[in-house]
Amino acid sequence: MLEEVGLGATAVAVQVIRAWDEAVGPAFHPHCRPDGVRNGVIQARVRDSSWMQRLQLEKPRILARLRERLGETAPSDMSFSVSLDRGRY
């Protein structure tokens with residue numbers, strides 16, 4: 001139904017954001033946040049380059065957890081960028 005009114009992508013993004021903290025785990029979620037989902041790829045902001053590197057290493061685990069929770073609607077990939085606003089990442 002949401003797809004019929006053009007909200008399918010928005011609904012998927014909301015599901016990903018809701019599942020994010022659990023998927024990344026308690027050690028990572030204070031240092032990163034999802035910024036959206038575009039073409040099946042999660043765009044995430046991270047605190048700094050060291051956290052970006054750590055999350056790159058954890059990417060397969062995070063994506064697997066999202067697939068477990070979201071099934072077919074789970075994103076297929078993730079991309080990270082360092083937040084320019086240090087107070088918000």
Side-chain angles (χ1 to χ4, degrees):
M1 181 168 165
L2 290 173
E3 289 82 13
E4 293 173 11
V5 293
L7 295 176
T10 301
V12 169
V14 168
Q15 289 176 336
V16 169
I17 290 168
R18 287 183 177 161
W20 178 258
D21 287 352
E22 182 182 322
V24 297
F28 292 96
H29 81 80
H31 307 285
C32 61
R33 66 175 172 82
D35 203 29
V37 179
R38 292 175 192 88
N39 298 320
V41 178
I42 302 170
Q43 311 289 321
R45 299 266 181 199
V46 297
R47 178 178 291 217
D48 57 42
S49 59
S50 65
W51 282 106
M52 182 170 14
Q53 186 174 22
R54 291 169 90 178
L55 283 156
Q56 285 286 357
L57 294 172
E58 292 292 319
K59 185 166 43 169
R61 179 189 62 81
I62 295 167
L63 288 170
R65 282 185 161 179
L66 288 169
R67 272 192 304 277
E68 287 172 9
R69 177 125 187 230
L70 304 174
E72 288 182 18
T73 62
S76 58
D77 202 1
M78 299 172 66
S79 88
F80 302 102
S81 61
V82 175
S83 178
L84 299 177
D85 181 0
R86 296 291 179 182
R88 184 159 189 214
Y89 42 84

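- Within 6.0 Å of CD in Q53 there are 12 or fewer heavy atoms belonging to other residues, nucleotides or ligands.
- One hydrophobic cluster, built from ILVMFWY side chains closer than 4.5 Å, holds both V37 and L63.
- C32 approaches V46 most closely through the heavy-atom pair CB-CG1, 3.8 Å.
- Applying the salt bridge (charged side-chain N to carboxylate O under 4.0 Å, His left out) test to residues at least two apart or on different chains, the pairs with a partner in residues 51-65 are E58-R61, K59-D77.
- Among residues at least two apart or in separate chains, there is no ring-ring contact (aromatic ring centres under 6.0 Å, His included) pair with a member in residues 61-84.
- Using modelled atom types, no side-chain atom of S83 and backbone atom of R45 make a donor-acceptor pair closer than 3.5 Å.
- E22 approaches R69 most closely through the heavy-atom pair OE1-NH1, 3.3 Å.
- Taking hydrophobic clusters as Ile, Leu, Val, Met, Phe, Trp and Tyr residues chained together by side-chain heavy-atom distances below 4.5 Å, M52 shares a cluster with L55.
- Applying side-chain contact (heavy atoms from CB on, under 4.5 Å) to L66 and the options I42, T73, V24 leaves one that passes, I42.
- In the hydrophobic cluster analysis, where Ile, Leu, Val, Met, Phe, Trp and Tyr join through side-chain heavy atoms closer than 4.5 angstrom, V82 is grouped together with I62.
- Listed by chain and residue number, nothing satisfies the salt bridge (charged side-chain N to carboxylate O under 4.0 Å, His left out) test with R38 (two or more places apart in sequence, or in another chain).
- For the atom pair R33 CZ and W20 CH2, the distance stands at 10.5 Å (nearest 0.5 Å).
- By the side-chain hydrogen bond (donor to acceptor under 3.5 Å, both in side chains) test, Q43 is found to be paired with S79, residues two or more places apart in sequence or in another chain being considered.
- Residue pairs meeting the ring-ring contact (aromatic ring centres under 6.0 Å, His included) criterion with at least one partner in residues 41-66, sequence neighbours excluded, are F28-W51, H31-W51.
- For E68, the salt bridge (charged side-chain N to carboxylate O under 4.0 Å, His left out) test picks out no residue, with sequence neighbours left out.
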